Amino acid sequence: MTTTTRTPSTGRRLRYILDPPVTQQLRESLEVLWAEVTNAGGAVGFLPPVTVEDVRGDLRRHLVGVSEGTTRPLVGFSESGRLAATAFFVLNEHRLMRHWVWLKTVMVHPDWQGQGTGRELMAAAASAARGMEGVAGIRLTCRGGLGLERFYASCGYREIGRAPGAIRVGEDDFRDDVTMWLPLAPPA
């Protein structure tokens, strides 16, 4: 699946690709994106400052899932071919939960933030999930205290659970782990 969308405020375009070939260039671009998003304050599993070496192991786990067929990357490229956004679908292996997918490590490059690109990425993710056989919903988690719940709610998600203080970001700084759900059309 490839879609192109125009960010309304700037007219810049991203081209979204589900399941792109995982080349060395894509791996390196994902590492750089992850580090830059984290260092700009993004809540994607780390606290700043980080290097590409710091995120490499977590990316490797995603890519092992890609090679095993349990993870599907969605990437957004600028017109110049630069990686600007990504998210990873993780398929459920449990027989009673194969009708929904996890969306993990949702990232928009800092240069593209504040322009509608996050909503664009979430719309591309919903569209991609609707194209997956039998998928009726998307589930994700986010770190409380940053307004992410409001962002995802504005994209159609609703909060379905909250584990108070489950994420520790500092000595005395605990954040809620918030679970969000987006229902899709029922599977045919």
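Because the structure is predicted, anything quoted here is derived from the model rather than measured.
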Sidechain-backbone polar pair: S127 side chain, A123 backbone, donor-acceptor under 3.5 Å:
no
Check for me, please, whether M107 and L59 land in the same ILVMFWY cluster - side-chain distances under 4.5 Å, paths through other members count.
yes
Mind checking whether N39 and V50 have side chains closer than 4.5 Å, heavy atoms only?
yes
Do L121 and V108 have side chains that get closer than 4.5 Å, going by heavy atoms?
yes
Y157 and R139: CA distance, side-chain angles, deciding distance, side-chain contact (heavy atoms from CB on, under 4.5 Å) verdict:
CA-CA 9 Å; Y157 286 75; R139 189 171 171 181; over 6 Å; no
Less than 4.5 Å apart, side chain to side chain, heavy atoms only: is that true for E149 and D176?
no
Test item: L103 and M122 side chains (from C-beta on) under 4.5 Å apart, heavy atoms
yes
Is any side-chain heavy atom of H109 closer than 4.5 Å to a side-chain heavy atom of L83?
no
Hey, any chance V75 and V52 share a hydrophobic cluster, counting ILVMFWY side chains that come within less than 4.5 Å of each other, even indirectly?
no
Taking it one step at a time, do W112 and S78 satisfy side-chain contact (heavy atoms from CB on, under 4.5 Å)?
CA-CA 10 Å; W112 286 80; S78 69; 3.7 Å; yes
Within the 4.5 Å heavy-atom criterion, are R60 and L63 side-chain neighbours or not?
no
For L18 and A128, which heavy atoms make the closest approach, and how far apart are they?
CD2-CB, 4.0 Å
Should the heavy atoms of other residues, nucleotides or ligands under 6.0 Å from CD of E93 be counted, would the total exceed 12?
no
What are the two closest heavy atoms between A84 and L33, and how far apart are they?
O-CD1, 4.2 Å
Does any N or O in the side chain of T70 come within less than 3.5 Å of the main-chain N or O of G65, such that one atom is a donor and the other an acceptor?
yes
Which heavy atom of R143 sits nearest a heavy atom of L146, and at what distance?
CD-CD1, 4.0 Å
Go through the steps to decide whether E171 and R168 satisfy the test salt bridge (Lys or Arg N to Asp or Glu O under 4.0 Å), and finish with yes or no.
CA-CA 8 Å; E171 183 66 30; R168 183 178 183 176; 3.6 Å; yes
Could you pull out the closest heavy-atom pair between C155 and L182, with the gap in Å?
O-CD1, 4.1 Å
Do T86 and W34 come close enough that some side-chain heavy atom pair is under 4.5 Å?
no
Have a look at H62 and tell me which of W102, F89, F88 forms a ring pair (Phe, Tyr, Trp, His ring centres under 6.0 Å) with it.
F88
Any side-chain heavy-atom pair from L14 and F77 closer than 4.5 angstrom?
no
Has the side chain of N92 got a donor or acceptor atom that lies under 3.5 Å from a matching backbone atom of M97?
yes
Check: T117/Q115 side-chain N/O donor and acceptor closer than 3.5 Å:
no
Determine yes or no for a side-chain-to-main-chain donor-acceptor pair under 3.5 angstrom, with D54 supplying the side chain and T51 the backbone.
yes
Which heavy-atom pair separates A129 from L184 by the least distance, and what is that distance?
CB-CD1, 3.6 Å
Give the cluster check for V32 versus L74: same hydrophobic cluster or not, with ILVMFWY residues linked at side-chain heavy-atom distances below 4.5 Å.
no
Just one of L91, L140, V90 clears the side-chain contact (heavy atoms from CB on, under 4.5 Å) bar with V101, so which one?
L91
